[in-house]
Number of protein chains: 2
Amino acid sequence: MRLRKEPDTMQEEDILLIARVSDALAHPARIKIFRFIMNANRDRKKICNKDVVEAFDYSQATISQHIKKLVTSGLLEVQKSDRFSYYYANLGVLMKYLDATKKFPPTV
Amino acid sequence: MRLRKEPDTMQEEDILLIARVSDALAHPARIKIFRFIMNANRDRKKICNKDVVEAFDYSQATISQHIKKLVTSGLLEVQKSDRFSYYYANLGVLMKYLDATKKFPPTV
DNA sequence: TTAATATATCGCCTATTAACAATACATGAG
DNA sequence: CTCATGTATTGTTAATAGGCGATATATTAA
């Protein structure tokens with residue numbers, strides 16, 4: 001495998017980010033919910049809680065809890081409008097997470 | 001940000017891998033322990049439980065538990081020899097995890 | 001054989017997770 | 001205003017996480 005040639009630059013900040021986002025992604029349902037919302041955003045579709053409940057086989061309460069965890073991690077954002085909560089994937093947080101994990105492979 | 005141009009190829013297998021490894025990386029101590037062992041491997045140093053205990057401010061029992069979780073996820077492997085348990089980072093699992101997470105960004 | 005060392009596991013505690021039904025809380029519709 | 005609807009929260013239960021001291025187990029050293 002290829003190893004990084006740059007110096008080891010993973011900082012405490014990176015470690016905390018990885019831990020926080022990993023905690024949010026540690027359940028298959030949350031990975032799927034996050035991707036469902038992210039892909040809907042790409043198609044310019046607004047996604048509310050009800051849409052997610054209908055797309056997955058979990059109760060409304062459970063979906064709300066999973067989404068809450070995704071919001072806490074920063075991966076999702078909420079915008080309340082009308083009587084709905086619309087969710088949006090925060091691609092910046094996703095990218096920071098992916099960049100941080102790139103620093104895992106050991107330097108040579 | 002740049003988006004992937006390839007079709008969406010994240011499969012159930014990828015999702016389960018990400019969930020499993022993310023669960024292992026969901027605690028800062030485990031990220032640090034994993035990196036400690038991975039970097040020692042790079043320097044051809046053998047790392048046993050005691051080495052990890054001395055490097056971090058946790059009890060031997062707690063370190064053993066964290067390492068157990070890393071082993072369960074596949075990120076670490078154990079080789080028992082003498083009266084020691086030597087740990088090795090499984091870079092293949094790490095790479096598979098990093099490859100799977102690359103499939104997160106939505107296709108365009 | 002006995003003592004020392006290394007590691008895993010047990011027991012205990014507290015906190016959190018995960019799931020759900022039920023309820024509370026908004027806010028828009030009639 | 002009242003009702004219906006969407007969403008968040010509460011309460012419950014079972015399971016898991018996270019920490020540690022103590023113990024069990026295994027193996028090496030003396």
Side-chain angles (χ1 to χ4, degrees), chain A residues 12 15-16 18-37 40-41 45-89, chain B residues 12 15-16 18-37 40-41 45-89:
Chain A
E12 183 72 16
I15 289 172
L16 295 180
I18 294 171
R20 185 161 50 86
V21 174
S22 292
D23 191 57
L25 297 178
H27 193 299
R30 285 196 293 270
I31 296 176
K32 293 176 186 175
I33 291 170
F34 174 65
R35 282 172 48 79
F36 175 74
I37 292 170
N41 291 166
K45 273 185 264 177
K46 300 173 78 171
I47 295 294
C48 66
N49 194 291
K50 195 171 173 299
D51 296 325
V52 183
V53 172
E54 285 169 3
F56 295 91
D57 195 23
Y58 286 105
S59 72
Q60 186 267 325
T62 300
I63 293 289
S64 266
Q65 292 288 6
H66 280 314
I67 287 177
K68 185 180 183 180
K69 192 152 201 169
L70 287 164
V71 170
T72 300
S73 76
L75 282 175
L76 285 187
E77 286 178 355
V78 194
Q79 188 184 336
K80 296 182 192 236
S81 168
D82 309 323
R83 92 191 91 169
F84 302 91
S85 289
Y86 293 107
Y87 308 116
Y88 301 94
Chain B
E12 183 72 15
I15 290 172
L16 295 180
I18 293 171
R20 185 161 49 87
V21 174
S22 291
D23 191 59
L25 297 179
H27 193 299
R30 285 195 292 270
I31 297 176
K32 292 176 188 176
I33 290 170
F34 174 65
R35 282 173 47 78
F36 175 74
I37 291 169
N41 291 165
K45 274 185 263 177
K46 301 172 77 169
I47 295 294
C48 65
N49 193 290
K50 195 171 173 298
D51 296 325
V52 183
V53 172
E54 286 169 3
F56 295 92
D57 197 23
Y58 286 104
S59 72
Q60 185 266 325
T62 299
I63 293 289
S64 265
Q65 293 287 9
H66 280 315
I67 287 177
K68 186 181 182 179
K69 194 153 201 169
L70 287 165
V71 170
T72 300
S73 77
L75 282 174
L76 285 187
E77 286 178 356
V78 195
Q79 189 184 336
K80 296 184 191 235
S81 168
D82 309 324
R83 91 189 92 168
F84 302 92
S85 289
Y86 292 107
Y87 309 116
Y88 300 94

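Residue numbering restarts at 1 for every chain, and letters A, B, ... go by the order of the sequence lines. Please read these numbers as outputs of a predicted model, since none were measured by experiment.
- Between Ser85(B) and dA6(C) there is no side-chain polar atom (N or O) within less than 4.0 angstrom of OP1 or OP2.
- Note on Tyr87(B): only backbone sugar-phosphate atoms sit closer than 4.0 angstrom, heavy atoms only; bases stay farther off.
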Dump the pairs, protein N or O against N or O of nucleotides 19-27 of chain C, anything under 3.5 Å, distances to one decimal.
| from | atom 1 | to | atom 2 | distance (Å) |
| --- | --- | --- | --- | --- |
| dA19(C) | OP1 | His27(A) | NE2 | 3.2 |
| dA19(C) | OP2 | His27(A) | NE2 | 3.4 |
| dA19(C) | OP2 | His66(A) | NE2 | 2.5 |
| dC20(C) | OP2 | Ser59(A) | N | 3.2 |
| dC20(C) | OP2 | Ser59(A) | OG | 3.4 |
| dC20(C) | OP2 | Thr62(A) | OG1 | 2.8 |

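- Shown for residues 47-56 of chain B: no residue has heavy atoms falling under 4.0 angstrom of DNA chain D.
- With a 4.5 Å cut-off on side-chain heavy atoms, Lys50(A) and Glu54(A) count as touching.
- Regarding Phe84(B), its CZ atom lies at a distance of 11 Å from the P atom of dT5(C), rounded to whole Å.
- Taking Asp82(A) as the reference, Phe84(A), Tyr86(A) meet the side-chain contact (heavy atoms from CB on, under 4.5 Å) condition, with sequence neighbours excluded.
- Across the protein-nucleic acid pair, Lys69(A) atom NZ and dT16(C) atom P stand 11 Å apart, rounded to whole Å.
- Lys68(A) is linked by a salt bridge (charged side-chain N to carboxylate O under 4.0 Å, His left out) to nothing, counting only residues two or more places apart in sequence or in another chain.
- Lys80(A) meets the side-chain hydrogen bond (donor to acceptor under 3.5 Å, both in side chains) test with no other residue; sequence neighbours excluded.
- Ala89(A) and Ile37(A) get closest at one heavy-atom pair: N-CG2, 4.1 Å.
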Residues 18-35 of chain B side chain polar contacts: donor-acceptor under 3.5 Å, at least two apart:
| from | atom 1 | to | atom 2 | distance (Å) |
| --- | --- | --- | --- | --- |
| Arg20(B) | NH1 | Ser73(B) | O | 2.5 |
| Ser22(B) | OG | Ile18(B) | O | 2.7 |
| His27(B) | ND1 | Ala29(B) | N | 3.0 |
| Arg30(B) | NE | Ala24(B) | O | 2.7 |
| Arg30(B) | NH1 | His66(B) | ND1 | 3.1 |
| Arg30(B) | NH2 | Asp23(B) | O | 3.3 |
| Lys32(B) | NZ | Glu12(A) | OE1 | 3.2 |
| Lys32(B) | NZ | Glu12(A) | OE2 | 3.3 |
| Arg35(B) | NH1 | Lys103(A) | O | 3.4 |
| Arg35(B) | NH2 | Asp8(A) | OD1 | 2.9 |
| Arg35(B) | NH2 | Asp8(A) | OD2 | 2.8 |

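- In the 5' to 3' direction, nucleotides of DNA chain D lying under 4.0 Å from heavy atoms of chain A begin and end at dT5(D) to dT10(D).
- In terms of the side-chain hydrogen bond (donor to acceptor under 3.5 Å, both in side chains) criterion, residue partners of Thr62(A) (sequence neighbours excluded) are, by chain and number, Ser59(A).
- Residue Asp23(A) is the one, among Ser81(A) and Asp23(A), whose nearest nucleotide of DNA chain C lies closer to the 5' end (criterion: closest heavy atom).
- Partners of Gln79(B) under the side-chain contact (heavy atoms from CB on, under 4.5 Å) rule, at least two apart in sequence or in another chain, are Tyr88(B).
- Checked against side-chain contact (heavy atoms from CB on, under 4.5 Å), Asn49(A) has the following partners two or more places apart in sequence or in another chain: Val53(A), Gln60(A), Ile63(A), Ser64(A), Ile67(A), Tyr87(A).
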